[in-house]
Chemist: 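Questions regarding the structure given below will be posed in turn.
Note that this is a predicted model, so its numbers are computed, not measured.
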Amino acid sequence: MKKVAFYTLGCKLNFSETSTIARGFEEKGYQKVGFSEEPDIFIINTCSVTENADKKCKKIVKEAQKVNPNGYVAIIGCYAQLKPKEISTIPGVDAVLGAAEKFRLLELLDGFVKPAEARVLASEIKEAKSFNNAYSINDRTRTFLKVQDGCNYHCAFCTIPLARGKSRSDTIENILKSAEDIAKTDVKEVVLTGVNIGDFGIVNGKREERFIDLVRAIDQVEGIDRIRISSIEPNLLTNEVIEYVSKSERFVPHFHIPLQSGNNKILRAMRRRYLRELYEDRVNKIKQLMPNCCIGVDVIVGFPGETEADFLETYNFLNELDISYLHVFTYSERANTTAATMDNAVPLKVRQQRSKMLRILSEKKRRSFYASQLGTTHTVLFEDDIENGLMHGFTENYVRVAAKYDPLLINELKTLTLTEINDNGTVAVEEAEPMLETH
């Protein structure tokens, strides 16, 4: 029995796909093992969004060679689609598979015999037309369920359409089957994920269904306690969706909504499909219906042409907005994007200074949001995340809590009161009662 290990870089979508590919290996008789357990095969799922994708890929390949110099190394994922030939020259790489090929690993690399030189199996991105169902299981307390892939937007800074192809979705019927399978595994929370999730419903190039239809349908699946929506574009987060989530017992009050800039000039240059006024409306609508809702924000600093005044406008906009935390990205040039050819590049040192300012703001926002929740009661899903005798989990509105370790609480939902913010930024709760069996 050959042993196979998986390593995933990047987003929730990548985790769902890695998990599905891993199940395919196990069904064929391979043994899934940890990265350090001398696997015969290493599958590395890469990302192109995070900075230094090439360095990260090289580092993981190098580590794989240390663990097993004779191991077979296959690279898949977004970076593999964008730079297949470049990756194939990394010492130790045996195969590179593109977006249209990655789910056919077992078929295309039958036997996993090390070749004399790396094989590149990467079609043009236009060949990535089919939707491959995917969800993560047994990897984490929550499950990432892929419902959409690809993107028809062409934001000036983004390579995702080049790495994943056009927007396409699974059918609601198929997704419900996956959700029912997930419900049988004792998973307590499902995260709906995709590249542009709000664009859900395009099948074979035509819009067949809508995201709100999926939300309503999956809310009826028995056996799933919590459903979370991953990142969704502000122009696609409709009042209909917000209103439905506000009344649902399963959908949790947590949205992650990319902003990228609080300056309309920069938003237009980025080719975003909204202005700051719409974004503010979305946030106000959410808070009006769900005052305790957690709202996360993506923001890019140092985009070409961003002046100090433009950045300060973004800073002040975010400072005044009722949001909970930021994911801050320092703009970096990406090959084959419009932004890479733009004039007025912002010096790297200035980009880094602006990133630091927003990261400090994010911590203030998070602490302020956590403070607003103290004294209130929430349902916490505890995870297998133990540190210094404390276990961690998240409330339905995404407050990270810490409690005294109790093995019976892992993957359990517990109603607790938030009491104070710890020195490390987590939130203490009233001590969880041990879950003793009664006779």
Chemist: Is it the case that the side chains of T330 and Q352 hold a donor-acceptor pair, with the cut-off being a distance below 3.5 Å and no angle test?
Modeler: no
Chemist: Does E233 pair with R273 as a salt bridge, N-O distance under 4.0 Å?
Modeler: no
Chemist: Please examine the side chains of I227 and L192, heavy atoms only from C-beta on, and report whether any two atoms are closer than 4.5 Å.
Modeler: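 Counting from C-beta outward, L192 and I227 do come under 4.5 Å.
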Chemist: Only pairs at least two apart or in different chains count here, so list each ring pair (Phe, Tyr, Trp, His ring centres under 6.0 Å) that has a residue in residues 255-300.
Modeler: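 Pairs touching residues 255-300 that pass the test: H256-Y325, H256-H327.
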Chemist: Check this for me, if you would: do E320 and R276 make a salt bridge, where the nitrogen-to-carboxylate-oxygen distance has to be below 4.0 angstrom?
Modeler: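 Answer for the salt bridge query: no.
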Chemist: Taking all non-hydrogen atoms of both residues into account, name the closest pair between H378 and E396 and its distance.
Modeler: ND1-OE2, 2.8 Å
Chemist: Between S19 (side chain) and S16 (backbone), is there a donor-acceptor pair under 3.5 Å?
Modeler: no
Chemist: Taking the six-membered ring for Trp, are F144 and F15 parallel (under 30°), tilted (30 to 60°) or perpendicular (over 60°)?
Modeler: tilted
Chemist: Do T20 and T18 have side chains that approach each other closer than 4.5 Å (heavy atoms only, starting at C-beta)?
Modeler: no
Chemist: State whether the side chain of T314 and the backbone N or O of G262 hold a donor-acceptor pair below 3.5 Å, judged by distance alone.
Modeler: yes
Chemist: Just so I know, are the side chains of M270 and F157 near enough to count as touching, which here means a heavy-atom distance under 4.5 Å?
Modeler: yes
Chemist: Quick check against the 3.5 Å criterion: does K102 have a side-chain atom that pairs as donor or acceptor with the backbone of L97?
Modeler: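 Not confirmed, K102 side chain does not pair with L97 backbone.
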Chemist: Please indicate whether N424 has more than 12 foreign heavy atoms, meaning atoms of other residues, nucleotides or ligands, lying under 6.0 Å from its CG.
Modeler: yes
Chemist: Using 4.0 Å as the upper bound for N to carboxylate O, is an ion pair formed by D149 and R168?
Modeler: yes
Chemist: Please identify each residue that fulfils ring pair (Phe, Tyr, Trp, His ring centres under 6.0 Å) with F35, with sequence neighbours left out.
Modeler: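 For F35, the residues satisfying ring pair (Phe, Tyr, Trp, His ring centres under 6.0 Å) (neighbours in sequence not counted) are Y7, F42.
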Chemist: Could you tell me the separation between the OH atom of Y135 and the CD1 atom of I182, rounded to the nearest 0.5 Å?
Modeler: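 The CD1 atom of I182 is 6.0 Å from OH of Y135, to the nearest 0.5 Å.
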Chemist: Is the closest basic N to carboxylate O distance between R400 and E383 below 4.0 Å?
Modeler: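 No.
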Chemist: So which pairs with a foot in residues 109-133 pass salt bridge (charged side-chain N to carboxylate O under 4.0 Å, His left out), sequence neighbours left out?
Modeler: D94-K114
Chemist: Validate the cation-pi geometry between R354 and Y331: distance from NZ or CZ to the six-membered ring centre under 6.0 Å, angle to the ring axis within 45°.
Modeler: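 Because its charged atom misses either the 6.0 Å distance or the 45° angle limit, R354 does not stack over Y331.
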Chemist: Short question: side chain of E280, backbone of L321 - any donor-acceptor pair under 3.5 Å?
Modeler: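 It does not hold such a pair.
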Chemist: When you measure from the side chain of S169 to the backbone of F200, do you find a donor-acceptor pair of N or O atoms at a distance under 3.5 Å?
Modeler: no
Chemist: For residues 244-260, which residue pairs pass the salt bridge (charged side-chain N to carboxylate O under 4.0 Å, His left out) check, not counting sequence neighbours?
Modeler: E222-R250
Chemist: Just verifying a value: how many Å separate R359 CZ and L361 CG, rounded to the nearest 0.5 Å?
Modeler: 12.5 Å
Chemist: At their closest point, which heavy atom of I125 faces which heavy atom of A99, and how far apart are they?
Modeler: CD1-CB, 3.9 Å
Chemist: Restricting to non-hydrogen atoms, name the atom on C294 and the atom on Y398 that form the minimum distance, rounded to 0.1 Å.
Modeler: SG-CB, 3.9 Å
Chemist: Of all the heavy-atom pairs spanning N397 and Q373, show the shortest one and how long it is.
Modeler: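 The answer is ND2-OE1, 3.0 Å.
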Chemist: side-chain contact (heavy atoms from CB on, under 4.5 Å) for N152 and I202? Distances and angles first, verdict last.
Modeler: CA-CA 11 Å; N152 291 346; I202 297 175; 3.8 Å; yes
Chemist: State, without any angle test, whether E313 and N264 hold a side-chain donor-acceptor pair at a distance under 3.5 Å.
Modeler: no
Chemist: Scan for ring pair (Phe, Tyr, Trp, His ring centres under 6.0 Å) pairs involving residues 53-73, sequence neighbours excluded, and state none if there are none.
Modeler: Y72-F112
Chemist: Between K356 and Q353, is any pair of side-chain heavy atoms under 4.5 Å apart?
Modeler: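 They are not in contact (no side-chain heavy atoms under 4.5 Å apart), so the answer is no.
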Chemist: By the side-chain hydrogen bond (donor to acceptor under 3.5 Å, both in side chains) test, which pairs, at least two apart or in different chains, include something from residues 192-206?
Modeler: S167-D199, D199-R207
Chemist: D281: which residues meet the side-chain hydrogen bond (donor to acceptor under 3.5 Å, both in side chains) condition with it, sequence neighbours left out?
Modeler: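 Partners of D281 by the side-chain hydrogen bond (donor to acceptor under 3.5 Å, both in side chains) criterion come out as none, since no residue qualifies.
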Chemist: Please tell me if the side chains of L289 and E243 come closer than 4.5 Å, counting only heavy atoms from C-beta onward.
Modeler: yes
Chemist: Of all heavy-atom pairs between R351 and G302, which one has the smallest distance, and what is that distance?
Modeler: CG-CA, 3.8 Å
Chemist: Between atom OG of S261 and atom CD1 of I266, what is the distance when rounded to the nearest 0.5 Å?
Modeler: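 The distance works out to 5.5 Å.
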Chemist: With no hydrogens and no angle check, is any side-chain donor or acceptor of Q148 less than 3.5 Å from a backbone partner on G201?
Modeler: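 Looks like no, no N/O pair under 3.5 Å.
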Chemist: Checking E37 side chain against G34 main chain: does a donor-acceptor pair fall under 3.5 Å?
Modeler: yes
Chemist: Rounded at 0.5 Å granularity, tell me how far CD1 in I41 sits from CZ in F6.
Modeler: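 Atom-to-atom, I41:CD1 and F6:CZ are 8.0 Å apart.
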Chemist: Which residues satisfy the ring pair (Phe, Tyr, Trp, His ring centres under 6.0 Å) test with F251, sequence neighbours excluded?
Modeler: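 Once residues adjacent in sequence are excluded, F251 has no partner under the ring pair (Phe, Tyr, Trp, His ring centres under 6.0 Å) criterion.
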Chemist: Got a sec, which residues hit salt bridge (charged side-chain N to carboxylate O under 4.0 Å, His left out) with R282, two or more places apart in sequence or on another chain?
Modeler: none
Chemist: Nearest 0.5 Å, please: how far is OG in S248 from CZ in R216?
Modeler: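 One finds 12.0 Å between CZ of R216 and OG of S248.
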Chemist: For residues 258-268, pull every pair meeting salt bridge (charged side-chain N to carboxylate O under 4.0 Å, His left out), keeping only residues two or more places apart or in separate chains.
Modeler: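 Listed by first then second residue: K265-D310.
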Chemist: Are any of the side-chain heavy atoms of I300 and E306 separated by less than 4.5 Å?
Modeler: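 Sidechains of E306 and I300: no contact.
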Chemist: Could you check whether any side-chain N or O of N68 sits under 3.5 Å from a backbone N or O of P39, counting only pairs where one atom can act as donor and the other as acceptor?
Modeler: yes
Chemist: So do I21 and I76 actually touch side chain to side chain, heavy atoms under 4.5 Å?
Modeler: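 Heavy-atom side-chain distance check passes, below 4.5 Å.
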Chemist: Check residues 172-180 and write down every donor-acceptor pair under 3.5 Å in which the side-chain atom is one partner and the other belongs to a residue at least two apart or another chain.
Modeler:
residue	atom	partner	partner atom	Å
N174	ND2	D170	OD1	3.0
N174	ND2	T171	OG1	3.4
S178	OG	N133	ND2	2.9

Chemist: Are side-chain heavy atoms of F394 and R142 found at a separation under 4.5 Å?
Modeler: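 In short, these two side chains touch, coming nearer than 4.5 Å.
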Chemist: If you draw a 6.0 Å radius around NZ in K166, do more than 12 non-hydrogen atoms from other residues or ligands fall strictly inside?
Modeler: no
Chemist: Give the minimum heavy-atom separation between S230 and I197, together with the two atoms involved.
Modeler: OG-CD1, 4.0 Å
Chemist: Is there any side-chain hydrogen bond (donor to acceptor under 3.5 Å, both in side chains) pair reaching into residues 360-372, and which pairs are they, with sequence neighbours excluded?
Modeler: none
Chemist: From F25 CZ over to I43 CD1, what is the distance, rounded to the nearest 0.5 angstrom?
Modeler: 4.0 Å
